[in-house]
Amino acid sequence: AVDGADLIKVAQLKARKKRLRFQRSKIHDWGLVALEPIEAEDFVIEYVGELIRRRISDIREHQYEKMGIGSSYLFRLDDDYVVDATKRGGIARFINHSCEPNCYTKIITVDGQKKIFIYSKRQIRAGEEITYNYKFPLEEQKIPCNCGSKRCRGSMN
Ligand SMILES: Nc1ncnc2c1ncn2[C@@H]1O[C@H](CN(CC[C@H](N)C(=O)O)CC2CN(Cc3cccs3)C2)[C@@H](O)[C@H]1O
């Protein structure tokens, strides 16, 4: 359970919002870039969107594909829930995948509500693109990865 102290901590985390901007990315279309240096293990941003059940998200994923939105802004929380940032979401939805990311995601339950927080793994320089590992499940149909890192796996799934 989360007590008052944790809530204050979350509030403090939020208060220290990082200056970030979405702009054209070398990895894919739009990405999220740090406008200021970020220390290691620092809170960067929350992946905000609509909390929906897995079944609804599967239906929406097909709809988005049909509408040509391409891959969707769906972030899988666990087996039952997904956060959909397509219609109502924060700029974290622009974060691209990297095989050697500078951030990682943590799922934290606050007030019984699961939230997706993104933390830095290492010091991030101003101007660097924010990335995390999408941890897509392995699939037959490969999506080529364009992260450009030395140990890139070549595909995202
Ligand atoms: N390392 C990588 N290598 C290659 N492709 C990547 C990488 N990392 C993210 N990707 C693409 O990005 C999507 C994840 N996207 C992150 C932001 C994206 N860059 C954007 O501009 O919206 C969100 C989805 C929602 N879709 C809307 C679209 C916009 C333009 C074409 S489809 C993109 C993924 O599903 C991929 O297709």
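Just follow the structure's listing: the first ligand is 1, and inside any ligand the first atom is 1.
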Under 3.5 Å: N/O of N146 near N/O of ligand 1: yes

Ionic contact status for R54 with D79, cut-off 4.0 Å: no

Per-atom contacts of ligand 1 with R93, taking only distances under 4.0 Å to non-hydrogen atoms: 16 (C), 17 (C), 23 (C)

Check: Y132 ring centre within less than 6.0 Å of Y104 ring centre: no

Under-4.0 Å heavy-atom contact with ligand 1, by part of I95 that carries it: backbone

Ligand 1 to S98 polar contact by distance, N or O atoms, under 3.5 Å: no

M156, portion touching ligand 1 at heavy-atom distance under 4.0 Å: side chain

From CG (N157) to CD (E139), nearest 0.5 Å: 5.0 Å

Best match, W30, Y134, Y73: closest heavy atom to atom 16 (C) of ligand 1: Y134

Centroid-centroid under 6.0 Å between F22 and W30 rings: yes

Whether C145 lies under 4.0 Å from ligand 1, heavy atom: yes

Hphob cluster co-occupancy, I27 + I130, side-chain heavy atoms under 4.5 angstrom: no

Part of P144 within contact of ligand 1 (heavy atoms, under 4.0 Å): backbone

Closest non-hydrogen atom pair, A34 against L20: CA-CD2, 3.9 Å

F94 neighbourhood, listing ligand 1 atoms whose heavy-atom distance to it stays under 4.0 Å: 17 (C)

Selected option - heavy-atom contact closest to atom 8 (N) of ligand 1, from H97, E129, R153: H97

Donor-acceptor pair between E50 and Y73 side chains, under 3.5 angstrom: no

